Amino acid sequence: RHRALQDFMLRNDSVTVAVEVPVYIDNLDIEYMQEELKFKIPIKLDKVLTGHIDALQLRNGAVHILDYKPDAAKGKRGACVTQLTLYALALSRLTGLRLYDFKCAWFDENSYFEFFPLHVVYKLKERAKKDHPDQIKLFEQEKLNVIQA
């Protein structure tokens, strides 16, 4: 079903530009985003984090990162937001496009959920002002296992 949906979107949807787009992010990328862009990304990687974006769309002046999740409405929202935010950060870093230009979503046959990854990063930055940086738990290791290859 997953592959059939990707084939359909790539062949018939005029805004879908790619499927199964590989992305990666490492500690140097995280450090750059934290030091140069002043993002707060509370993870430390001991290896390269990799993943594949199910579908990439260019729509209404934004880059849309789409991820198919069976039973999307029943899934863990935090894990989906974490995974897709990391995909957006990785794709932003790889392409040089601003995170402002990205929108993320996960979906299934009946549900669709979207968010702006920049809002997640800003929320982390605000939380970091209140909490000690080591106490931020949004990107817990078990959530990262979702996208490790």
Side-chain angles (χ1 to χ4, degrees), residues 1-34 37-128 136-149:
R1 205 180 249 192
H2 186 240
R3 187 70 181 148
L5 178 63
Q6 287 178 322
D7 286 344
F8 177 82
M9 290 175 72
L10 194 54
R11 294 172 194 263
N12 299 299
D13 181 22
S14 63
V15 297
T16 300
V17 295
V19 296
E20 287 299 317
V21 178
V23 291
Y24 64 90
I25 193 167
D26 63 17
N27 247 357
L28 293 175
D29 296 321
I30 299 292
E31 289 172 12
Y32 171 82
M33 288 183 262
Q34 291 190 128
L37 304 178
K38 304 302 181 207
F39 289 166
K40 180 64 190 162
I41 307 167
I43 60 173
K44 195 78 167 162
L45 302 174
D46 57 353
K47 61 181 179 179
V48 175
L49 203 58
T50 63
H52 284 85
I53 297 170
D54 289 344
L56 196 60
Q57 296 181 334
L58 298 178
R59 186 169 17 119
N60 299 324
V63 178
H64 290 253
I65 296 173
L66 304 177
D67 196 38
Y68 177 81
K69 299 280 188 203
D71 298 321
K74 296 177 186 176
K76 295 182 180 181
R77 177 188 164 119
C80 293
V81 170
T82 298
Q83 176 186 8
L84 291 167
T85 299
L86 287 170
Y87 282 178
L89 288 167
L91 196 57
S92 172
R93 180 78 169 123
L94 291 167
T95 62
L97 296 172
R98 300 175 310 158
L99 193 59
Y100 173 87
D101 295 320
F102 287 85
K103 196 169 194 180
C104 298
W106 72 97
F107 66 97
D108 64 13
E109 293 82 1
N110 302 309
S111 302
Y112 180 87
F113 305 94
E114 67 181 27
F115 68 96
F116 291 97
L118 186 60
H119 293 178
V120 175
V121 173
Y122 281 158
K123 192 174 192 176
L124 287 170
K125 192 173 184 177
E126 288 303 311
R127 188 177 297 162
I136 298 174
K137 301 293 183 194
L138 180 64
F139 292 111
E140 298 174 73
Q141 187 58 41
E142 62 268 9
K143 290 178 184 175
L144 290 176
N145 290 336
V146 174
I147 64 168
Q148 288 182 338

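A quick note: this is a predicted structure, and the numbers were derived from the prediction, not measured. Sequence positions, counted from 1, serve as the residue numbers for this chain.
- Heavy atoms from other residues, nucleotides or ligands lying under 6.0 Å from CG of N12 number more than 12.
- Residues P117 and L99 share a closest heavy-atom pair of CG-CD1, 4.0 Å.
- When the side-chain hydrogen bond (donor to acceptor under 3.5 Å, both in side chains) test is applied to D29, the partners found at least two apart in sequence or on another chain are R93.
- Between the OG1 atom in T85 and the NZ atom in K123 there is a gap of 11.0 Å [rounded to 0.5 Å].
- When the ring-ring contact (aromatic ring centres under 6.0 Å, His included) test is applied to F39, no partner is found at least two apart in sequence or on another chain.
- Here the straight-line distance linking atom CG of L118 with atom NZ of K103 works out to 13.0 Å at 0.5 Å rounding.
- Taken to the nearest 0.5 Å, the OG atom of S111 stands 14.0 Å off from the NZ atom of K69.
- Only one option out of L91, L66, T16, V19 pairs with L56 in a side chain to side chain contact (heavy atoms under 4.5 Å, CB included); it is L91.
- Y100 pairs by the side-chain hydrogen bond (donor to acceptor under 3.5 Å, both in side chains) definition with nothing, not counting sequence neighbours.
- In this structure, L49 and D26 have side chains that are not in contact, with every pair of non-hydrogen atoms separated by 4.5 Å or more.
- Atom CD of E31 and atom CG of L45 lie 10.0 Å apart (nearest 0.5 Å).
- In terms of modelled atom types and a separation under 3.5 Å, the side chain of Q6 and the main chain of A55 share no donor-acceptor contact.
- Here the shortest heavy-atom pairing between V23 and A90 reads CB-CB, 4.0 Å.
- The side-chain heavy atoms of V121 and L89, taken from C-beta on, include a pair separated by under 4.5 Å.
- Distance alone, capped at 3.5 Å, places no donor-acceptor pair between the E20 side chain and the H52 backbone.
- Counting heavy atoms from C-beta outward, Q57 and M9 have side chains that approach closer than 4.5 Å.
- More than 12 non-hydrogen atoms from other residues, nucleotides or ligands lie less than 6.0 angstrom from CZ of F115.
- To the nearest 0.5 Å, atom OH of residue Y87 and atom CG of residue D67 are 5.5 Å apart.
- Sparse packing is recorded around CZ of R77, with 12 or fewer heavy atoms of other residues, nucleotides or ligands lying under 6.0 Å away.
- Applying the ring-ring contact (aromatic ring centres under 6.0 Å, His included) test to F113 and every residue at least two apart in sequence or in another chain returns W106.
- Atom CG of L37 is separated from atom CZ of R98 by 12.0 Å, given to the nearest 0.5 angstrom.
- Counting only distance, with no hydrogens or angles, the side chain of S92 and the backbone of L97 share a donor-acceptor pair below 3.5 Å.
- With sequence neighbours excluded, the residues forming a ring-ring contact (aromatic ring centres under 6.0 Å, His included) with F107 are Y68, listed by chain and number.
- Listed by chain and number, the residues in a ring-ring contact (aromatic ring centres under 6.0 Å, His included) with H119 are F116 (sequence neighbours excluded).
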